[in-house]
Amino acid sequence: QLQLVESGGGLVQPGGSLRLSCAASGFTLDSYNVDWFRQAPGKGREGVSCISSNGDRTNYADSVNGRFTIYRDNAKNTVYLQMNSLKPEDTALYYCAAQKYAYCSGFRAPYDFWGQGTQVTVSS
């Protein structure tokens, strides 16, 4: 089945780190822009970060800029989101989405594939 699968979420204390993974199953990810989104209870979906298909362009939301890093390993068919200095307000369900023929330009639909999400909880 063609899908994206996120992993790496969990419970961490403020100031801690997590690395999220977005792996493609059934297709090759190297021709797709990949975006990370997050959604907290009672809030709308927020674009967090994006990366172009070859990794030469990245973008971050102001709320995470300087703390999160997006990168990809196309040989492993995976995009990663390294999250450092985590804050309670980072708590959310994190999703990845793939978009062909895009170039990391504004978290704009339509997307070709969505993942099911992985939960990140930051709490002391």
Under a 3.5 Å distance rule, please check whether [X] uses its side chain to pair with a backbone N or O of [Y] as donor and acceptor.
X     : Y      : result
Thr91 : Val122 : yes
Ser52 : Asn33  : no
Asp73 : Thr78  : no
Gln99 : Pro110 : yes

Pairs in or reaching into residues 84-124: which pass disulfide bond (SG atoms under 2.5 Å apart), with residues at least two apart or in two chains?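 Listed by first then second residue: Cys22-Cys96, Cys50-Cys104.
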Find out whether [X] and [Y] are in side-chain contact, i.e. whether some heavy atom of one side chain is under 4.5 Å from a heavy atom of the other.
X     : Y     : result
Phe68 : Leu86 : yes
Thr69 : Asn84 : no
Met83 : Arg67 : no
Ser25 : Gln1  : no

With salt bridge (Lys or Arg N to Asp or Glu O under 4.0 Å) as the rule and sequence neighbours excluded, what pairs involving residues 19-43 come up?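 Applying salt bridge (Lys or Arg N to Asp or Glu O under 4.0 Å) to every pair that reaches into residues 19-43, excluding sequence neighbours, yields Arg38-Glu46, Arg38-Asp90.
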If a pair satisfies salt bridge (Lys or Arg N to Asp or Glu O under 4.0 Å) and one of its residues is in residues 56-66, list it, with sequence neighbours excluded. none
Using every non-hydrogen atom in the two residues, find where [X] and [Y] come nearest and quote the distance to one decimal.
X      : Y     : answer
Gly9   : Leu20 : N-CD2, 3.6 Å
Ala92  : Ala40 : CB-N, 3.9 Å
Gly55  : Arg72 : N-CD, 4.0 Å
Tyr111 : Ala97 : CD2-CB, 3.6 Å
Leu18  : Gly8  : CD2-O, 3.7 Å

Which residues pass the ring pair (Phe, Tyr, Trp, His ring centres under 6.0 Å) test with [X], not counting sequence neighbours?
X      : result
Tyr80  : Tyr71
Phe107 : Phe37
Tyr94  : none

If you measure from CH2 on Trp36 to CD1 on Ile51, what distance do you get to the nearest 0.5 Å?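 If I round to the nearest 0.5 Å, the distance is 11.5 Å.
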Could you grab the distance from atom OH of Tyr32 to atom CG of Asn74, nearest 0.5 Å is fine? 12.5 Å
Does atom CZ of Arg45 have more than 12 heavy-atom neighbours from other groups under 6.0 Å away?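 Yes - once you tally the heavy atoms of other residues, nucleotides and ligands closer than 6.0 Å, there are more than 12.
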